[in-house]
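Just below is one structure, and these are the notes that go with it.
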Amino acid sequence: MHDDSLPPTIDNPELDSLMLTIKSFLEHLEYTLGKDKYSASRYDIYNALAYAVRDRMVERWLDTQQHYYNSDHKRVYYLSMEFLMGRSLENSLINLGLLDEFKEAVSSLGYDFDELVEDEQEAGLGNGGLGRLAACFLDSMATMAIPAYGYGIRYEYGIFRQKITDGTQVEIPDNWLRYRNPWELDRQEHLHPVKFNGRVVTVHIDGKPRHEWVDTEDVMAMAYDTPIPGYGNNTVNTMRLWCAKSSREFDLKFFNEGNYIRAVEKKMLTENISKVLYPADNVIEGKELRFKQEYFLASATVHDVIYRFKKMHKDLRLLPDKVAIQLNDTHPALAIPELMRVLLDLEGLSWDDAWNVTTRVFAYTNHTILPEALEQWPVWFFEQILPRHLMIIYEINDRFLDEVRRRFPGDNGRLARMSLVEEHWERKIRMAHLAIVGSHSVNGVAALHSEILKNDLFRDFYEMYPERFNNKTNGITQRRWLKKGNPPLSALIDDRIGPGWVTDLYELEKLRPLAEDAEFRADWQKVKRENKERLAAYILKHNCIQVDVDSLFDCQVKRIHEYKRQLLNVLHIITLYNRLKADPSLDIVPRTFIFGGKAAPAYFIAKLVIRLINAVGDVVNRDPDVAGRLKVVFLANYSVSLAEMIFPAADLSEQISTAGTEASGTGNMKFALNGALTIGTLDGANIEIMEEVGRENIFIFGLTAEEVTELKRKGYNPREYYNRNPELQKVLDMVSGGFFSPYDANLFKPIVDSLLNQGDHYLLLADYASYIASQEEVSQLYRDQDEWSRRAILNAAGMGKFSSDRTIAEYARDIWGVDTVEISAQAQHCLHDGVCLVEHRKDEGGS
Ligand SMILES: *Cc1c(COP(=O)(O)O)cnc(C)c1O
């Protein structure tokens with residue numbers, strides 16, 4: 001930080017650096033953007049600032065990449081169809097250690113830093129947990145100095161922006177690149193053709209048959225690179241996103257017919273591949289365009305990986321010594337047959353060599369056991385679009401099923417279950433089976449989830465390849481989810497235990513004794529209150545609802561999905577409302593219920609749940625009988641930036657999925673890290689959170705995963721619960737009878753129908769009584785603020801395990817076999833006065 005006591009002389013290096021920052025900003029404003037302080041818009045100011053930050057990263061970026069190239073370390077490629085990055089400006093400055101300097105520069109120029117930060121369009125290239133995990137992993141890999149690349153798609157439109165109009169979700173296209181994206185660099189030279197359609201011919205080379213894929217329609221994949229700075233080190237890794245560009249060739253057919261416009265039109269259509277992110281979470285949309293997107297990512301990336309490998313090596317059989325590819329779910333799993341195709345058809349390897357290389361390179365992470373989310377692509381998609389890959393998949397399957405036959409002779413049921421081809425009705429390729437067979441590692445994302453994979457979903461595969469299966473419990477980066485999102489709490493923690501937690505989250509253990517320190521608890525409460533005030537101001541501004549910061553902030557923010565059971569939360573709200581109406585003098589703990597989350601645009605029930613939350617809010621928030629005691633708020637457009645404001649302000653974290661359905665959850669970790677207590681089921685990572693913070697410091701309710709299975713096996717009848725529990729009965733009757741929809745009495749009937757008449761698939765009624773009772777305990781504890789904060793501190797203290805640094809260390813050790821590569825600090829390259837202090841690199845290095 002700048003020390004005011006130092007005289008402002010040129011011999012003061014800190015001041016020097018500050019002057020350079022200001023100069024850099026002004027130069028970008030003038031020369032990059034062509035503006036002065038009179039003509040600059042707020043976006044220009046933001047962009048000039050962002051370019052000034054990026055410049056500071058570029059030096060370390062080039063050094064890092066050069067070092068990877070020269071040292072020829074094994075690299076990790078993290079392939080993901082989603083990267084939910086959020087904003088970059090403040091995060092980059094924090095990781096570079098330049099936040100204070102830039103804040104000072106900005107304020108000395110007369111601008112408001114916090115306002116400028118808000119002008120950044122966030123990179124919302126993901127739906128939810130899976131995409132955010134990829135983003136946290138990139139931060140951890142850079143911070144831990146692991147030579148890693150994130151590979152994805154540069155969607156022109158990210159996840160839609162959600163508006164709430166008359167209580168209903170409205171989707172607005174997210175045109176995030178409209179005001180330019182200062183964080184990316186286009187790499188015109190990194191251009192790979194990606195082939196589609198066509199047919200396969202066999203040629204003979206030296207008497208041996210070789211397959212050639214011909215008459216294809218090609219789309220060019222162009223690279224855009226974003227720097228990923230590590231925290232407090234000199235590492236800057238790369239996220240490379242592919243953008244679809246039409247190939248230079250015109251379709252000769254149209255050209256020859258003199259139909260020039262038609263030929264150009266056709267070229268343009270190919271660019272649709274990277275146009276838009278599919279907005280469904282935990283459910284597949286079996287569209288041809290999505291299939292093409294997945295292959296586009298897989299193919300462009302495999303070619304890039306091989307291109308980079310070949311700069312240093314000739315023998316592709318050594319690829320697994322230098323390359324580890326992690327598949328974030330099956331979405332990029334076409335990379336497996338794509339690598340096989342390249343090795344067989346282009347590089348001339350034998351099947352056995354190619355297969356050996358492929359299975360040693362790939363590893364697969366499963367993210368869900370929900371059947372509607374398991375990818376299966378129709379065989380006819382392959383026949384039309386990827387004919388050569390279909391041949392390869394059939395060959396993989398033939399050889400694999402031979403192996404199954406040898407291991408389990410006569411077990412035809414097993415053969416049918418394990419085949420890569422689903423034969424019922426329409427023939428389909430089971431992408432999870434392909435990913436398991438083509439990898440050396442299969443992992444789940446929390447202990448319970450990994451057990452379910454072994455014992456249930458992939459049981460046959462576990463019996464055949466037990467050594468492949470492992471667990472990697474998810475984590476989150478504390479740089480974004482505590483240091484950036486919660487400055488007052490970070491400062492308090494720094495003050496008491498030092499800043500070591502930023503790169504070693506287990507340091508938070510040192511907070512444990514402080515939970516018994518009354519003064520610390522008081523400071524802790526003050527921080528929580530400050531964060532609640534910040535969120536309350538946001539709610540007042542955006543929802544026009546005045547909330548009481550002394551009330552319990554009860555938060556459920558995540559994608560809206562039946563399995564996550566936002567509806568169960570609503571049933572609790574209505575229950576409390578009814579109790580207060582029946583006895584207005586009832587002494588309850590005031591609560592503010594805060595919801596946030598997007599529903600997939602085609603997910604009817606999820607959208608109806610959003611309407612119900614808002615409708616219940618309309619009734620509750622206006623009713624004078626409950627005033628000051630209950631408020632319901634739905635925050636529109638849940639996103640990374642909004643999340644950063646909500647977690648620090650939460651008292652209670654709702655993690656109430658049906659046991660066995662949420663693979664891990666990461667929102668649960670962000671809440672606890674920011675000092676919220678959890679009410680949750682024994683599902684996903686909740687179980688491990690309980691183990692870390694202690695059973696007495698978390699509110700656990702409901703059936704266990706085993707009990708859920710058992711109840712369904714015996715035959716679950718939701719009506720029994722309805723008939724037996726008058727309070728529950730009343731709540732459901734109000735929803736189905738139009739109490740919350742007086743102008744459309746039947747509006748919410750489908751919701752109650754799904755519970756009473758369609759089997760209540762997620763067992764809300766079975767868990768209702770237990771949930772209500774657990775919430776009662778929550779309220780009782782909240783009355784004792786001292787004890788509440790004591791437990792909140794113990795929760796934060798137990799979060800060490802849930803840093804994505806720990807998760808990445810485990811992937812690196814158990815799956816990838818890669819080491820850390822420290823990048824030493826180097827002399828600055830080119831200072832802004834144009835003096836070059838180090839010689840320019842001799843070759844282009846490892847870009
Ligand atoms: C962490 C996060 C998620 C995942 O939340 P879960 O509660 O684990 O489903 C989704 N969206 C955003 C914006 C997040 O930050």
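The figures here come from the full heavy-atom set of this structure, side chains too, leaving out hydrogens, waters and symmetry mates. Counting starts at 1 for both ligands and their atoms, following the listed order.
- Contacts classified as ring-ring contact (aromatic ring centres under 6.0 Å, His included) and involving residues 639-686 (residues at least two apart or in different chains) are given here: W481-F647, F647-F671.
- With hydrogens and angles ignored, the 3.5 Å screen pairs no side-chain donor or acceptor of D651 with any backbone N or O of L552.
- Between Y46 and Y179, the gap from one ring centroid to the other reaches at least 6.0 Å.
- Scored by the side-chain contact (heavy atoms from CB on, under 4.5 Å) test, P487 finds no partners at all (sequence neighbours excluded).
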Using a 3.5 Å cut-off on N/O to N/O, what pairs does ligand 1 make with the protein? A line per pair would be great.
| residue | atom | partner | partner atom | Å |
| --- | --- | --- | --- | --- |
| ligand 1 | 7 (O) | K558 | NZ | 2.7 |
| ligand 1 | 8 (O) | T666 | N | 2.8 |
| ligand 1 | 8 (O) | G667 | N | 3.0 |
| ligand 1 | 9 (O) | K564 | NZ | 2.8 |
| ligand 1 | 15 (O) | K670 | NZ | 2.6 |

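- More than 12 heavy atoms of other residues, nucleotides or ligands sit less than 6.0 Å from atom CD of E451.
- Applying the side-chain contact (heavy atoms from CB on, under 4.5 Å) rule to I545 yields the partners I539, N543, V547, N621, K631, V633; only residues at least two apart in sequence or on another chain are considered.
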